[in-house]
Amino acid sequence: VPGPGSFKPKPGESAVEAVRRVQGAALSGDPRFTSILIDAAKHPHTLVRWWALVGLGYGHQPQAVPVLLAALKEKG
């Protein structure tokens, strides 16, 4: 699995690139990517947020719990 630097957002990143990046971090199951997924959970694109939340749920990291709970309260 690549290191956390591989999954950090790039300047000018398109929505498709962001989805692929966050999807890769989410599916890795690597706890080193938890902070990247937490940041991605605030992304303006719905699919990026969705993949971030999938990864956070899959990762079972305590710091992800408040983010997951907040997402459950979101409308839309």
Side-chain angles (χ1 to χ4, degrees):
V1 174
S6 302
F7 295 105
K8 289 190 177 176
K10 315 263 185 305
E13 178 178 67
S14 72
V16 171
E17 291 168 327
V19 168
R20 287 182 181 153
R21 173 179 58 79
V22 174
Q23 180 186 41
L27 293 176
S28 75
D30 191 324
R32 295 179 297 162
F33 306 137
T34 302
S35 64
I36 291 169
L37 294 172
I38 287 171
D39 290 342
K42 302 171 202 151
H43 196 279
H45 196 282
T46 304
L47 284 175
V48 175
R49 291 193 312 272
W50 187 85
W51 275 109
L53 296 171
V54 167
L56 291 170
Y58 179 63
H60 304 287
Q61 296 298 310
Q63 63 268 41
V65 173
V67 178
L68 293 167
L69 290 174
L72 288 172
K73 295 176 185 175
E74 286 181 11
K75 294 184 182 191

Item to complete: Check whether any side-chain N or O of Lys8 sits under 3.5 Å from a backbone N or O of Ser6 as a donor-acceptor pair, and report yes or no.
Response: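 It does not hold such a pair.
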Nearest non-hydrogen partners of [X] and [Y], listed with the distance:
X     : Y     : result
Leu53 : Ala41 : CD2-CB, 4.2 Å
Ala15 : His45 : CB-CD2, 3.4 Å
Ala26 : Trp51 : CB-O, 3.3 Å
Ala64 : Leu56 : CB-CD2, 3.7 Å
Ile38 : Gln63 : CD1-O, 3.8 Å
Gly5  : Lys10 : O-NZ, 4.3 Å

Worksheet item: When hydrophobic residues are tied together by side-chain contacts of less than 4.5 Å, even through go-betweens, does Leu68 share a cluster with Leu47?
Response: yes
Do the non-hydrogen side-chain atoms of [X] and [Y] ever get within less than 4.5 Å of each other?
X     : Y     : result
Val22 : His43 : no
Leu37 : Val54 : no
Val19 : Trp50 : no

Discussion item. Strictly below 4.0 Å, N to O, side chains only: are Arg21 and Glu13 in salt-bridge contact?
Written reply: yes
Worksheet entry | Reported OG-to-CZ distance for the pair Ser14 and Arg20, which is rounded to 0.5 angstrom |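 Interatomic distance, Ser14 OG to Arg20 CZ, rounded to 0.5 Å: 7.5 Å.
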